[in-house]
Undergrad: 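Please read through the structure below; I'll follow up with questions.
All ligand and atom numbering here is 1-based and tracks the order in the structure.
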Amino acid sequence: MRVIVFKDQESASLAAARMVAEQMNKKPEMVLGLATGSTPIRLYEHLIDFTNQGLISFKDITTFNLDEYVGLSPDHDQSYSYFMHHHLFDHVDLPAERINLINGEALDISGEGAAYDARIQQAGGVDLQILGLGRNGHIGFNEPSDYFTAGTQLVELDDKTITDNARFFTSIDQVPRQAISMGIKTIMHAKKILLLAFGENKAETVQAAVQGKIRPELPASVLQLHPDVTFIVDKKAGALLQEGPYLLEKM
Ligand code: F6R
């Protein structure tokens with residue numbers, strides 16, 4: 001595990017975008033795993049800029065998103081499908097047929113999850129997975145639990161997640177209580193992982209994920225077992241980290 005602490009969210013997002021761009025140029029037909037939420041928005045803006053400048057192209061890229069709320073249609077303005085079109089897909093040269101999003105309206109949710117995992121496998125697996133980090137340690141929507149989840153499946157959202165995400169909805173009652181998320185096993189199969197976390201309210205979680213015990217009550221801690229994971233954090237999110245071999249660079 002590598003942890004890179006940047007002076008602020010802006011420099012961290014630019015560095016993350018450069019890392020993604022480098023991988024895209026190394027393997028133009030790569031499979032890219034994507035996250036939603038507030039954290040990666042600036043990273044996506046930089047990827048749009050790079051595309052406009054001709055530095056990268058999405059024309060042969062395949063994408064898979066991490067999760068989707070249950071019950072929201074793709075055109076609902078808080079669905080992750082809508083988010084991705086608004087913040088990335090509509091602004092780059094990514095062919096629609098290479099975009100993979102989870103159907104939150106699927107009637108057979110376990111069938112939808114299994115089919116999604118099969119599609120990831122058929123595509124050759126995720127080359128680079130971008131992750132955010134929940135305050136409760138979730139990655140994707142894999143909430144604290146007493147076991148690590150496997151494949152893409154139905155999840156009951158934690159009260160903390162519902163409270164945190166209420167800021168995007170008109171009221172907390174509008175926040176769906178369930179989601180479909182790639183499982184921990186699916187995420188751990190990604191060849192390379194970039195996790196981004198910003199702000200002081202993520203500091204305790206970052207510290208626990210990087211330096212704490214590996215346990216399903218803090219799902220992101222499992223990333224300590226992944227062979228190629230980089231945490232990109234700003235100073236505020238990295239404030240509680242103690243010096244150690246994982247903390248390779250500070251900028
Ligand atoms: C989103 C996702 C979540 C978020 C996390 C952090 O697809 O999988 O794990 O990354 O909830 O959200 P923000 O970035 O809004 O703090």
Undergrad: Would one find an N or O of Ile139, backbone or side chain, under 3.5 Å from an N or O of ligand 1?
TA: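 No; the residue has no nitrogen or oxygen that sits under 3.5 Å from a nitrogen or oxygen of the ligand.
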Undergrad: Should the heavy atoms of other residues, nucleotides or ligands under 6.0 Å from CD of Glu10 be counted, would the total exceed 12?
TA: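 Above 12, so yes.
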Undergrad: Within the 4.0 Å heavy-atom shell around Gly140, which atoms of ligand 1 are there?
TA: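 Near Gly140, meaning under 4.0 Å from one of its heavy atoms, ligand 1 has 2 (C), 3 (C), 8 (O), 9 (O).
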Undergrad: I want to know if ligand 1 touches Asn165 in the polar sense, i.e. an N/O pair below 3.5 angstrom.
TA: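 N/O-N/O distance below 3.5 Å does not exist for this pair.
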Undergrad: Considering heavy atoms of the protein only, find what lies nearest to atom 1 (C) of ligand 1 and give residue, atom and distance to 0.1 Å.
TA: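 In this structure, atom 1 (C) of ligand 1 has Thr36 OG1, 3.1 Å as its nearest protein heavy atom.
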Undergrad: Which atoms of ligand 1 are found less than 4.0 Å from any heavy atom of Gly132?
TA: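 This gives 10 (O) as the contact atoms.
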Undergrad: What are the atoms of ligand 1, with element, lying closer than 4.0 Å to any heavy atom of Thr39?
TA: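 Reading through ligand 1 atom by atom, the close ones are 13 (P), 14 (O), 16 (O).
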Undergrad: Do Met1 and Leu223 have side-chain heavy atoms sitting under 4.5 Å apart?
TA: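 Met1 vs Leu223: side chains touch.
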Undergrad: Heavy-atom contacts with Asp67 under 4.0 Å: which atoms of ligand 1 show up? List them by number with element.
TA: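 This gives 1 (C), 2 (C), 7 (O), 8 (O) as the contact atoms.
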Undergrad: Looking only at the side chains, is there a donor atom on one of Asn65 and Thr36 sitting less than 3.5 Å from an acceptor on the other?
TA: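 No, because no side-chain N or O of Asn65 sits under 3.5 Å from a partner of the opposite role on Thr36.
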Undergrad: Hey, does Arg167 come in under 3.5 Å of ligand 1, counting only N/O atoms on both sides?
TA: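 Yes, there is a polar N/O contact under 3.5 Å.
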Undergrad: Kindly identify the option in Ser181, Ser38, Gly33 whose heavy atom sits closest to atom 13 (P) of ligand 1.
TA: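 It is Ser38 that holds the nearest heavy atom.
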Undergrad: Under a 4.0 Å heavy-atom limit, does Asn65 contact ligand 1 with its side chain, its backbone, both, or neither?
TA: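 Answer for Asn65: neither.
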Undergrad: Are Asp228 and Lys192 ion-paired here, with the side-chain N under 4.0 Å from a carboxylate O?
TA: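 Here Asp228 pairs with Lys192 in a salt bridge, since their nearest N and O are under 4.0 Å apart.
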Undergrad: Indicate if Leu195 and Leu218 have the same hydrophobic cluster label, given that clusters are the connected sets of ILVMFWY residues with side-chain heavy-atom separations under 4.5 angstrom.
TA: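 Hydrophobic grouping puts Leu195 apart from Leu218.
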Undergrad: List ligand 1 atoms under 4.0 Å from Leu133, heavy atoms only on the residue side.
TA: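 Taking each heavy atom of Leu133 in turn, ligand 1 has 5 (C), 6 (C), 10 (O) under 4.0 Å.
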Undergrad: Starting at CE of Met182, measure out to CD1 of Ile139 and round the result to the nearest 0.5 Å.
TA: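 Between Met182 CE and Ile139 CD1, I get 11.0 Å after rounding to 0.5 Å.
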Undergrad: What residue pairs, at least two apart or across chains, pass ring-ring contact (aromatic ring centres under 6.0 Å, His included) with a residue in residues 114-135?
TA: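 Residue pairs with at least one partner in residues 114-135: Phe64-Tyr116.
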Undergrad: Among side-chain atoms of Ser11 and Asp8, is any donor-acceptor pair under 3.5 angstrom?
TA: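 Their side chains do contain a donor-acceptor pair, which is all the 3.5 Å distance test asks for.
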Undergrad: Heavy atom of Lys202 under 4.0 Å from ligand 1?
TA: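 So Lys202 counts as touching ligand 1.
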Undergrad: Going by the atom numbers of ligand 1, which of them fall below 4.0 Å from some non-hydrogen atom of Gly37?
TA: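 Listed by number with element: 14 (O), 15 (O).
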Undergrad: Please state which protein non-hydrogen atom is closest to atom 11 (O) of ligand 1 and give its distance, to 0.1 Å?
TA: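 The closest one turns out to be His138 NE2, 2.6 Å.
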Undergrad: If we only consider heavy atoms of Lys160, is any one of them less than 4.0 Å away from an atom in ligand 1?
TA: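 No, Lys160 has no heavy atom closer than 4.0 Å to ligand 1.
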Undergrad: Record the part of Leu66 in heavy-atom contact with ligand 1 below 4.0 Å; permitted values are side chain, backbone, both and neither.
TA: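 It is the side chain that touches ligand 1; the backbone stays farther off.
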Undergrad: Val20 pairs by side chain to side chain contact (heavy atoms under 4.5 Å, CB included) with which of Ile56, Ile130, Leu34, Asn25?
TA: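 Only one of Ile56, Ile130, Leu34, Asn25 forms a side chain to side chain contact (heavy atoms under 4.5 Å, CB included) with Val20, namely Ile130.
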Undergrad: Check whether the ring centres of Tyr69 and Phe169 lie less than 6.0 Å apart, and answer yes or no.
TA: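 Yes; Phe169 has its ring centre under 6.0 Å from that of Tyr69.
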